[in-house]
Amino acid sequence: MSDRIFGVVGLLIAIGFALAAFAIEESFLSDAVGPKAFPLIIATVLGLSSIVIALKPDPEPEWPALPRLAEVLAAVVVMILYAELLPEIGFVIATAFAATYLTWRLGSGLIASVVTGIGTSLGIYVIFHMVLGLSLARGPLGF
């Protein structure tokens, strides 16, 4: 039963996400795809996945133990903090901290996590900002 509840909650979140995407106002300077395309793709994938989970639940779902659920909750908190701090401290710094924490919690050593976080942050910055020319949140250091 918990899988069905999880699927229905995911579907409701997908519907809310799609409604929020439709509320995005398009600028006359936007590209051909527009700002609504990516959120609508995410909402569609989430909605379809949730429908499958609700219609074909696992007969014997195994929920993780409390410590594992706490780690999942901590990862959610990190991602919320990432979204909140992104405009304040910039893409590179916020992404480096978030990627470092998440890779550390996935089992990497501390030094490897820091290297991975910084490398991921700089790599994404180079690809999206320098190569593709997309605008990313600028922090106090100008990048």
Side-chain angles (χ1 to χ4, degrees), residues 1-27 30-31 33-143:
M1 184 62 154
S2 61
D3 281 359
R4 290 188 195 271
I5 294 169
F6 183 71
V8 170
V9 169
L11 183 60
L12 292 174
I13 291 171
I15 291 169
F17 202 72
L19 292 174
F22 282 122
I24 296 173
E25 293 184 24
E26 294 191 37
S27 163
S30 65
D31 57 7
V33 177
K36 297 178 184 181
F38 186 69
L40 288 175
I41 291 169
I42 297 297
T44 302
V45 170
L46 176 60
L48 291 174
S49 302
S50 297
I51 289 170
V52 170
I53 291 171
L55 295 179
K56 292 185 148 208
D58 188 2
E60 295 291 328
E62 292 182 30
W63 284 86
L66 189 58
R68 181 65 70 183
L69 283 176
E71 285 190 32
V72 171
L73 181 62
V76 169
V77 168
V78 166
M79 295 310 296
I80 291 170
L81 287 172
Y82 174 72
E84 291 295 323
L85 293 175
L86 191 63
E88 304 298 323
I89 63 175
F91 177 82
V92 174
I93 297 170
T95 303
F97 279 117
T100 297
Y101 175 78
L102 294 173
T103 54
W104 175 62
R105 292 315 308 146
L106 286 171
S108 294
L110 188 58
I111 301 298
S113 295
V114 170
V115 170
T116 301
I118 292 171
T120 300
S121 177
L122 292 176
I124 293 172
Y125 181 80
V126 166
I127 291 170
F128 281 89
H129 184 69
M130 296 179 163
V131 175
L132 297 175
L134 298 175
S135 177
L136 298 173
R138 291 184 173 262
L141 302 177
F143 56 87

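No experiment lies behind these values; they were computed from the predicted model shown.
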Option among Ile127, Thr95, Val92 that satisfies the side chain to side chain contact (heavy atoms under 4.5 Å, CB included) test with Leu122: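 Among Ile127, Thr95, Val92, the one that satisfies the side chain to side chain contact (heavy atoms under 4.5 Å, CB included) with Leu122 is Val92.
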Quick one, Leu46 and Phe17 - any side-chain contact, counting heavy atoms below 4.5 Å?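 SC-SC contact between Leu46 and Phe17 ruled out.
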In Å, rounded to the nearest 0.5 Å, how long is the span from [atom1] of [X] to [atom2] of [Y]?
X      : Y      : atom1 : atom2 : result
Leu66  : Glu71  : CG    : CD    : 11.0 Å
Ser121 : Ile118 : OG    : CD1   : 8.0 Å
Ser49  : Leu11  : OG    : CG    : 10.5 Å
Leu81  : Phe97  : CG    : CZ    : 12.0 Å

Between Leu40 and Phe22, is a side chain to side chain contact (heavy atoms under 4.5 Å, CB included) present by the stated rule, with each step listed? CA-CA 8 Å; Leu40 288 175; Phe22 282 122; 3.9 Å; yes
Side-chain ([X]) to main-chain ([Y]) donor-acceptor, under 3.5 angstrom:
X      : Y      : result
Arg4   : Ala54  : yes
Thr120 : Thr116 : yes
Ser108 : Trp104 : no

If you count the non-hydrogen atoms of other residues, nucleotides and ligands that lie under 6.0 Å from [atom1] in [X], is the total more than 12?
X      : atom1 : answer
Glu84  : CD    : no
Phe6   : CZ    : no
Tyr101 : OH    : yes

How close do [X] and [Y] get, counting heavy atoms only, and between which atoms?
X      : Y      : result
Lys36  : Ile24  : CE-O, 2.9 Å
Phe91  : Tyr125 : CE2-N, 4.0 Å
Thr103 : Thr100 : OG1-O, 3.1 Å
Leu102 : Ala75  : CD2-CB, 3.9 Å
Leu69  : Pro64  : CD2-CG, 3.6 Å
Pro140 : Glu88  : CD-O, 3.6 Å

